[in-house]
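None of these values were measured; they are calculated from a predicted model.
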Amino acid sequence: MFTVPALSNEQVTLRPFGPEDAEMVVEACNDPETQRWLPLPNPYLPEHGKTWCGGMAEELRLAGDGLHLAFCGPGDQFAGSVSLKRTNWRTRVSEVGYWTAPWMRRKGLTAEATRLLSTWALGHGMERVELFCAPGNIGSQRVSLAAGFEYEGRLKNAGFTHSGRTDLLVYSLTNPIEPPDRA
């Protein structure tokens, strides 16, 4: 399982979710743009926010799934969620996912939070961090490239949203492969 890191820079701070985040999580997860691309409960009820912020994110970490963190912008203003998930400890691969509160979009914070968490993961045991997004989700594509991920291709019919099945674009960030010693 991942430890909970202390990650921050001049733009963002990553931290565990707490009960104080529940109301903003509910508001952000009910945003039409967030609902368009993520198969979250619809509507996203106060009970969902309380459960997530009150311990579910931590339970997933303890179960070895990954690491689910809130990220904040300047002045510690809640900005969204960034997560390592579907972690395969044997192959050292994890998926990064994120969503941004509508009031904090287009500020570069999501790309910075994604870069910060992904590079931390690569320095703490992961060899590959994957990122998936729907072809129509231009904002997510911009975040992936701004965070330093490399586009790899398209997975046909690999994802789903509230409107049905969708292809997924695949991006990755990896540790360099070192050639074996030829002694």
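- In Phe160, the CZ atom is not crowded: 12 or fewer heavy atoms of neighbouring residues, nucleotides or ligands sit closer than 6.0 Å.
- Residues Leu14 and Trp120 have side chains not in contact (no heavy-atom distance under 4.5 Å, counting atoms from C-beta outward).
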Steps toward side-chain contact (heavy atoms from CB on, under 4.5 Å) verdict (Val93, Glu130) | CA-CA 7 Å; Val93 176; Glu130 298 175 326; 3.7 Å; yes

Full working for side-chain hydrogen bond (donor to acceptor under 3.5 Å, both in side chains) between Ser94 and Thr87 = CA-CA 4 Å; Ser94 192; Thr87 302; 2.7 Å; yes

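- Scanning both residues, Leu173 and Ser118, for their nearest heavy atoms gives CD2-CB, 3.8 Å.
- Residues Pro135 and Arg154 are in side-chain contact: their nearest non-hydrogen atoms beyond the backbone lie under 4.5 Å apart.
- In the displayed structure, Arg106 atom CZ is contacted under 6.0 Å by at most 12 heavy atoms of other residues, nucleotides or ligands.
- Using cut-offs of 30° and 60° for the angle between ring planes, the His48 and Tyr44 rings count as tilted.
- Side-chain contact between Gln141 and Cys133: present, with at least one pair of heavy atoms (C-beta onward) separated by less than 4.5 Å.
- Other residues, nucleotides and ligands contribute over 12 non-hydrogen atoms within 6.0 Å of the CD atom of Glu152.
- Within the 4.5 Å cutoff, side-chain heavy atoms of His162 are placed close to those of Gln35.
- Results of the side-chain contact (heavy atoms from CB on, under 4.5 Å) test with Cys29 over Val26, Val25, Asp31 single out Val25 as the only residue that passes.
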Before giving the answer on side-chain contact (heavy atoms from CB on, under 4.5 Å), spell out for Phe78 and Met104 the whole-Å C-alpha distance, their side-chain angles and the decisive distance to 0.1 Å.
-> CA-CA 8 Å; Phe78 180 85; Met104 296 300 277; over 6 Å; no

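- Taking a 4.5 Å side-chain heavy-atom cut-off between Ile, Leu, Val, Met, Phe, Trp and Tyr, the cluster of Phe132 extends to Leu155, Leu168, Val170.
- Between Trp99 and Phe71, the ring centre distance reaches or exceeds 6.0 Å.
- Proximity of Thr100 to Leu109: side-chain heavy atoms (C-beta onward) are nowhere separated by under 4.5 Å.
- A salt bridge is defined here as a Lys NZ or Arg NE, NH1 or NH2 lying under 4.0 Å from an Asp or Glu carboxylate O, and Arg128 with Glu150 fails to meet this definition.
- For Asp65, the salt bridge (charged side-chain N to carboxylate O under 4.0 Å, His left out) criterion is met by no residue, not counting sequence neighbours.
- Under a cut-off of 6.0 angstrom, the local environment of CZ in Arg105 is crowded, with over 12 non-hydrogen atoms contributed by other residues, nucleotides or ligands.
- Under the 4.5 Å side-chain criterion, counting only non-hydrogen atoms from C-beta, Phe149 is in contact with Thr114.
- Using a 30° and 60° split on the angle between ring planes, His68 and Trp52 fall in the perpendicular class, above 60°.
- Note on Arg115 versus Glu112: salt bridge recorded, some NZ/NE/NH1/NH2 to OD/OE distance being below 4.0 Å.
- Shortest non-hydrogen contact noted between Ser144 and Tyr98 is N-OH, 3.9 Å.
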Trace of the side-chain contact (heavy atoms from CB on, under 4.5 Å) decision for Leu116 with Val12 = CA-CA 9 Å; Leu116 195 59; Val12 295; 3.9 Å; yes

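- In this structure, Arg165 contributes its side chain and Asn157 its backbone to a donor-acceptor pair below 3.5 Å.
- Note on Tyr171: it does not cluster hydrophobically with Trp37, by side-chain heavy-atom contacts below 4.5 Å among ILVMFWY residues.
- Taking both residues in full, the closest heavy atoms of Leu84 and Ala121 are given as CD1-CB, 3.7 Å, listed atom of the first, atom of the second, then distance.
- For the pair Asp21 and Lys50, the salt-bridge criterion is not met [side-chain N within less than 4.0 Å of a carboxylate O].
- Across every non-hydrogen atom of Ala111 and Ala146, the tightest pair is CB-CB, 3.7 Å.
- Taking the side chain as every heavy atom from C-beta outward, Pro5 and Leu67 approach each other to under 4.5 Å.
- Inter-residue side-chain proximity for Tyr151 and Ser172 is flagged as unmet; no heavy-atom pair is nearer than 4.5 Å.
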